[in-house]
Each structure stands twice: as C-alpha cells, then as structure tokens.
*Asks:* 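Would you mind keeping the following structure in view while I ask a few things?
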Amino acid sequence: MMLFRLLAAVLAALLPVVSAAAADAELATLARASGTPDIPGLKIVWLAPWGDVASARPWRNIIVHQTEGPAGSARGGAQAQAKNPTRRGVTVWVETDGTVYWAVAETLVPTHGDGANRNDNKYIDNRPTYRQVVRDNSIGVEFAGNYPDVTTGPTAAQVAAWKILVKVLRARYDIPLDRVYAHNWIDYKDARYCEGCALATMARQWGE
C-alpha cells in the first residue's frame, strides 16, 4: 500500500510537467503553420496571414516597442500598417485587452528602430547590438496604451498575451531568448521611461 501511494504521488507530480511539455510541443507545431491558425490563449486578428515560414524574412531578433497611443489604438495602428506596410511601425500590435493584431506579411519590413544607435551599455552590453539589431533583421511588437502617462506599464492582459506570443515568435523564427530586446536597450529613446524594458525583461526571465 505504501509503495502504491508513493507511485501515485510521483505520477501526480509528473502530470503537470508532461502536460506542459505537450502544450509546448503543440504551440511549437502551430508556430510553424501557414494561414491563420488558432493559437490557444491568444486572440489574433489576422490582417496579414502567415505564409510558408521558409519564405519569411530571416528574422533574428525581436524588438519590443510601446506606443503612446491610448487604449484602443492598436487596432487603428495595425490597420494603418496593413495599408502601408513599410510605414513607421511594426509587424505585430498588442491592444490593452490582449488582442494581437498581425498587421504585415512576414516577408515585408516595416520602418522601426533607429539603426541600433545605442552604445553606452546602459541596459545591456551593446557590443553585439550596436548597428546590428536593425529593422531588416528584427521583428517588432508594439504594445499600446501608455497614454497619457508614458510610464504606465503593460496591462495584465498584455502580459498574459506576451507570455504566449513571445514563445510563438521565437519558435516560428528560431530566435534565441537573448535576442529579445527592449527598444530602449538598443536605441536612444524617450528619457521619460524605458520603452519595452519591462516586457523584454519578463520574456527573458520566463526563459524557455
């Protein structure tokens, strides 16, 4: 009886690990799909569907942005981006309620970033980023809602969406964890706050 209880306890302890591994495997499979897949935990509005991942841009980095638009502005920003993909903006927009807008085909390059001009090592070691983490090799994610106070952090819904979204992006484009960057880490930005820093830090702390 004691051995049976011990075995049951071990199995009960293993079940969450097995379930998590299965969920991660499913997510990785969905992340390599084409079209407009339903990804558990994410509400995605597909303004531009995925194509064959082999034909996508060779994205090597993820840059986390925050816009000073109010709540509700991600939808408008994403729609404007979809109409003019190479305008200043990003590929993926995240609303305050956690809705993700995939605005631009993954073969196109929106204008985002300032050429990775930061080289003061204020936040991270900029030797591997200076003039290297640029729009042509980095997919951008914009989080809306820090208006009128730019120091307002992401909402709980945005954080929950980001926890899944960053896994999807990394799995789809085979991007290492240490290539998730806040905009302020690689460019000289608004001195009033650290753009994208909390979200990029979370992603790295969540790990694999």
Side-chain angles (χ1 to χ4, degrees), residues 24-25 27-35 37 39 42 44 46-67 77-78 81-82 85-94 100-143 154 161-189 194-208:
D24 285 346
L27 190 66
T29 298
L30 287 171
R32 305 290 290 181
S34 300
I39 298 174
L42 283 184
I44 302 181
W46 296 96
L47 301 178
W50 282 346
D52 181 352
V53 69
S55 300
R57 293 280 309 179
W59 303 121
R60 296 173 50 211
N61 314 288
I62 299 169
I63 301 178
V64 186
H65 300 266
Q66 288 175 276
T67 175
Q81 195 77 54
T86 59
R87 74 192 285 269
R88 188 163 183 87
V90 296
T91 300
V92 187
W93 297 69
V94 185
V100 175
Y101 292 86
W102 197 285
V104 177
E106 55 195 345
T107 55
L108 301 176
V109 182
T111 301
H112 71 113
D114 297 294
N117 61 13
R118 182 158 225 137
N119 61 353
D120 63 354
N121 302 320
K122 181 176 181 179
Y123 299 104
I124 60 172
D125 181 358
N126 289 126
R127 285 175 297 179
T129 69
Y130 183 65
R131 302 303 189 195
Q132 296 176 67
V133 179
V134 294
R135 67 188 185 191
D136 295 313
N137 60 25
S138 305
I139 190 165
V141 183
E142 187 88 66
F143 287 79
W162 176 231
K163 193 166 190 177
I164 301 169
L165 179 60
V166 70
K167 284 186 177 182
V168 170
L169 294 173
R170 291 187 54 232
R172 184 164 182 81
Y173 305 115
D174 195 24
I175 298 174
L177 191 61
D178 62 359
R179 287 184 174 272
V180 179
Y181 299 104
H183 196 185
N184 251 70
W185 292 355
I186 62 163
D187 285 320
Y188 291 104
K189 298 302 298 176
C194 189
E195 183 188 337
C197 296
L199 289 156
T201 299
M202 286 177 196
R204 293 196 178 196
Q205 289 176 342
W206 289 329
E208 301 297 338

*Asks:* I would like to know whether I62 and R170 meet side-chain contact (heavy atoms from CB on, under 4.5 Å); could you show each step before the answer?
*Replies:* CA-CA 8 Å; I62 299 169; R170 291 187 54 232; 3.8 Å; yes

*Asks:* Applying side-chain contact (heavy atoms from CB on, under 4.5 Å) between P85 and each of V109, T111, L108, report the one that passes.
*Replies:*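 The residue from V109, T111, L108 that satisfies side-chain contact (heavy atoms from CB on, under 4.5 Å) with P85 turns out to be L108.
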
*Asks:* Could you tell me whether the side chain of R57 and the main chain of N137 form a donor-acceptor pair under 3.5 Å?
*Replies:*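 The answer is no, because no donor-acceptor pair under 3.5 Å joins these two groups.
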
*Asks:* Could you check whether atom CG of D174 has more than 12 heavy atoms from other residues, nucleotides or ligands sitting under 6.0 Å from it?
*Replies:*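 Incorrect, the count does not exceed 12.
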
*Asks:* Could you give the distance from OG1 (T107) to CG (D52), rounded to the nearest 0.5 Å?
*Replies:*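 One gets 11.5 Å once the value is rounded to the nearest 0.5 Å.
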
*Asks:* Quick one: CZ on R118 to CG on N184, what's the gap to the nearest 0.5 Å?
*Replies:*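 With rounding to 0.5 Å, CZ (R118) is 5.5 Å from CG (N184).
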
*Asks:* Roughly how far apart are I44 CD1 and W102 CH2, rounded to 0.5 Å?
*Replies:*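 Reported value, rounded in 0.5 Å steps: 7.5 Å.
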
*Asks:* Looking at every heavy atom in both R172 and V53, which two are closest together, and how far apart are they?
*Replies:*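 Taking every non-hydrogen atom into account, O-CG2, 3.4 Å.
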
*Asks:* If you take all heavy atoms of A103 and V90, which pair is closest and at what distance?
*Replies:*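 Closest approach of A103 to V90: CB-O, 4.5 Å.
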
*Asks:* Between OG1 of T129 and CH2 of W185, what distance do you get to the nearest 0.5 Å?
*Replies:*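 Answer rounded to 0.5 Å: 11.0 Å.
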
*Asks:* Which atom names give the shortest non-hydrogen contact between L169 and I175, and what distance separates them?
*Replies:*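 Looking at all heavy atoms of both residues, the shortest contact is O-CD1, 4.3 Å.
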
*Asks:* For the OG1 atom of T91 and the CZ atom of R135, what is their distance to the nearest 0.5 Å?
*Replies:*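 One gets 12.0 Å once the value is rounded to the nearest 0.5 Å.
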
*Asks:* Which heavy atom of E106 sits nearest a heavy atom of W59, and at what distance?
*Replies:*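 Scanning both residues completely, I find the closest heavy atoms to be O-NE1, 3.4 Å.
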
*Asks:* Got a salt bridge between K189 and D187, using NZ or NE/NH1/NH2 to carboxylate O under 4.0 Å?
*Replies:*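 Salt bridge absent between K189 and D187.
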
*Asks:* Considering all heavy atoms of both residues, which atom of M202 and which atom of P154 are nearest to each other, and what is their separation?
*Replies:*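 Closest approach of M202 to P154: CE-CG, 4.5 Å.
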
*Asks:* Determine whether F143 and L199 satisfy the following criterion, side-chain contact (heavy atoms from CB on, under 4.5 Å), listing intermediate values before the conclusion.
*Replies:* CA-CA 9 Å; F143 287 79; L199 289 156; 3.5 Å; yes

*Asks:* To the nearest 0.5 Å, tell me how far E195 CD sits from I63 CD1.
*Replies:*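 The CD atom of E195 sits 10.0 Å away from the CD1 atom of I63.
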
*Asks:* Working note: Y188 + D120, criterion side-chain contact (heavy atoms from CB on, under 4.5 Å); need CA distance, chi angles, decisive distance, verdict.
*Replies:* CA-CA 9 Å; Y188 291 104; D120 63 354; 3.6 Å; yes

*Asks:* Between E142 and V94, does a side-chain contact (heavy atoms from CB on, under 4.5 Å) hold up when you go through it step by step?
*Replies:* CA-CA 6 Å; E142 187 88 66; V94 185; over 6 Å; no

*Asks:* Between Y101 and Q81, is the side-chain hydrogen bond (donor to acceptor under 3.5 Å, both in side chains) condition met? List the steps.
*Replies:* CA-CA 10 Å; Y101 292 86; Q81 195 77 54; over 6 Å; no

*Asks:* Indicate yes or no: at least one non-hydrogen side-chain atom of N126 is less than 4.5 angstrom from one of I124.
*Replies:*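 Yes, their side chains come closer than 4.5 Å.
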
*Asks:* Could you report the tightest heavy-atom contact between W50 and A33, atom names first, then the distance?
*Replies:*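 Minimum heavy-atom contact is CE3-O, 3.4 Å.
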
*Asks:* Quick one: are N61 and Q132 in side-chain contact, heavy atoms under 4.5 Å?
*Replies:*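 Of all side-chain heavy-atom pairs linking Q132 with N61, none is under 4.5 Å.
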
